[in-house]
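Just so we're on the same page: letters track the sequence lines, and every chain starts at 1.
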2 protein chains.
Amino acid sequence: MPGISTKGKAMPASPIRKLVPFSEEAKRKGRKVYHLNIGQPDIKTPDVALNAIKNLKDEVIEYSHSAGNESYRRKLAQYYQGININVDHTEIMVTTGGSEAISFALMSTVNPGEEVIVPEPFYANYNGFSTAAGVKVVPITSGIDSGFALPPIKEFEKVITPKTRAIIICNPNNPTGYLYSEEELRQLGEIVKKHDLYLFSDEVYREFCYDGHAHFSAMYMEGLEEHVIMMDSVSKRYSMCGARVGALVTKNRAVLDTAMKFAQARLSPPSFGQIAGEAALETPDIYFEEVYNEYMERRDYLVDALNKLPGVKCPTPGGAFYTVVHLPVDDTDIFSEWILSEFEYNNQTVMMAPASGFYSTPGLGKQEVRIAYVLKKEDLEKAVETLGEALKAYPGRLNS
Amino acid sequence: MPGISTKGKAMPASPIRKLVPFSEEAKRKGRKVYHLNIGQPDIKTPDVALNAIKNLKDEVIEYSHSAGNESYRRKLAQYYQGININVDHTEIMVTTGGSEAISFALMSTVNPGEEVIVPEPFYANYNGFSTAAGVKVVPITSGIDSGFALPPIKEFEKVITPKTRAIIICNPNNPTGYLYSEEELRQLGEIVKKHDLYLFSDEVYREFCYDGHAHFSAMYMEGLEEHVIMMDSVSKRYSMCGARVGALVTKNRAVLDTAMKFAQARLSPPSFGQIAGEAALETPDIYFEEVYNEYMERRDYLVDALNKLPGVKCPTPGGAFYTVVHLPVDDTDIFSEWILSEFEYNNQTVMMAPASGFYSTPGLGKQEVRIAYVLKKEDLEKAVETLGEALKAYPGRLNS
């Protein structure tokens, strides 16, 4: 029997996957499971996007241009110009989700065996895309005590080697919800320029910035046109994760030309999703106001309620819809399994993502979980109450 | 300015891409360009598939399961069982087009630096996926004189090395239209078993088999359950290339588990396309009969008309909707550019795919083009007439 490739063996499994059987078992027992583990919002997709699909006129669902439909790219360029990102449609490649934009960026610029620096905790799939591209992820640790702010620049300098090719940030951040400041971006810009690196900026949560803070895009920085590659997606902005439509955006023509070769090999991004994505650009402002208010209410409730639980510590995230929370337990991998398999409170339980999966440094994140506030406030209330009771009952509780 | 990766540089450009500016220029001059170069059928997508999209009920376009919606996989399994491919839904992974199925199969089983054997001429994007995976393509040449039949097994044996991991076939074939016989498949099965290789079988043109010949799937062969990985797609079967929905199908659990890790990293295949793909399984038989008759008529006309042109040789393809044709010219790369940029007949011209892009062995295919019969017969007639006139006028014509 022929075997599996070393790359296949090295591919990390999803950090949440091993919990799925326990969640399914809990449901089979009739328990209500509150899913705080996923980045799938419960927010309705905008009507303009759904209606464009329902009013489909095409009779043949053809391949699109490998870089995406030109009409869509032109409107996307207008959207970016409207938020002061100065790009035209030739500087945008439509991708199959933000996922593919990350893969294309890595494969186009980083050789197998070379390195990318990523502040941890980070979006776990960066590990997967890096493994697939043969690229080594070098973490820089950010901590809960600073609310997961960007680590000091000297920490980056310490790990830069001749093999370093890029720094990857996600802003606002998944999993921490941290919103990078203009000052932090400019520090990154300097180091990127000094060491002639790429800055991959994953900005898929751009619209989710709270407390009056504006989003500062990596694309705003002058003099870094050849260095910055922005990754974007319709998934979170319009709550249509299943459309699988993202974008790779850069002023660097050599990167665009190279990514185009990968894009042509896979022919085209999804046509239906592009129709929905193009229409979604007409989403009225009121939609975003309602979504914003909804997430603010959830966040404020959640952070406050979690911090009231003894031994629990939750920074206030400035963006996205995640927060990484310290729990007074021995090991959140064990706790997250226990709460699904051994615990129930009023026939309810909770699924969370153990944070160890978001760290690259072994042993980190053992007292942390990522919680996504993608549930209605009433459900968040029940979930937090259940978590509080679980922490009282858990045999591995730490008295810290 | 940071550079491009070696992999990015090595990625092959599309063999047709360099002709696109000449085609656009011809159109700007007001010329009608007959596109014989592409695999985008003009056939209507089935109404059942389009109606499923138009009647969309979902309010949130969510991620699907990373392996695809279970309801879709269950119905796909029924479809396969209906054509005697004995698989259940757990042996099917829905992918983002057939393209992703090929990538996942390669990355899951072949190490960077290892080799896959592919009969040439072959689908040019196999080169792209192989380069992206760091895998070396080793060609075995099939020739126009045998109608591009499978090369003798001893040719395979000659190039098998300790680094060989798989043989890739496309059946019916793109670009040649050749339909492999059961006997050819069984020969491949023996060699695959003897040398413990994988057999990747790209069967996306399965429904396009002519002259009463049945398709013999690689999945039919007993004792090869751990060796065969089938790639499939809705693109050609239902003329919905833009849906970007394919499938990786295998009985090999280790391959499925490994491919699942790649699938989870990219989250999910497109949701809209899966809705259309699931509905398309209800396409009435009359649709396929009409499509079959249409392609048969086109093929019979095209092969006959091409063989009547002096010095032109066109085998009769047994499947798909392509044929690789010998032209009496010095170099089809030059001729294909010349006919677009320098030639017109009644203000018409023709775009074809030079066959050199489908060969891996340097220098081969210089007198061949791939012609796709994806145009109406009236247009094919005009295209062939134009090609005939062009061959008379072309300065690089060979008197062979």
Spacing of OH belonging to A:Tyr63 relative to OG belonging to B:Ser235, to within rounding of 0.5 Å: 4.5 Å
Close approach to chain A in residues 108-117 of chain B, criterion heavy atom under 4.5 Å: B:Ser108, B:Thr109, B:Val110, B:Asn111, B:Pro112
Heavy-atom donor-acceptor pair, B:Arg244 side chain to A:Ser268 backbone, under 3.5 Å: yes
Top contributor to chain B contacts, counting heavy-atom pairs under 4.5 Å, from A:Glu62, A:Lys7, A:Glu100: A:Glu62
Expected output: side-chain B:Arg266 to main-chain A:Thr96 donor-acceptor under 3.5 Å: no
Portion of B:Asp42 that has a non-hydrogen atom of chain A nearer than 4.5 angstrom: backbone
Closest heavy-atom pair and its distance - B:Phe272, A:Ala276: CE1-CB, 3.9 Å
Among the listed options A:Ile61, A:Asn127, A:Thr6, the residue most often paired with chain B at heavy-atom distances under 4.5 Å: A:Ile61
Step-by-step side chain to side chain contact (heavy atoms under 4.5 Å, CB included) determination, A:Val60 to B:Ile43: CA-CA 7 Å; A:Val60 186; B:Ile43 304 287; over 6 Å; no
Step-by-step side chain to side chain contact (heavy atoms under 4.5 Å, CB included) determination, B:Lys44 to A:Glu59: CA-CA 6 Å; B:Lys44 215 177 148 303; A:Glu59 296 209 317; 3.5 Å; yes
Which donor-acceptor pairs under 3.5 Å do the side chains of residues 8-19 of chain A make with protein atoms, sequence neighbours left out?
from	atom 1	to	atom 2	distance (Å)
A:Ser14	OG	A:Ile16	N	3.2
A:Ser14	OG	A:Arg17	N	3.3
A:Lys18	NZ	A:Asp333	OD1	3.4

Per-residue contact mode, B:Asp58 against chain A (heavy atom under 4.5 angstrom): backbone
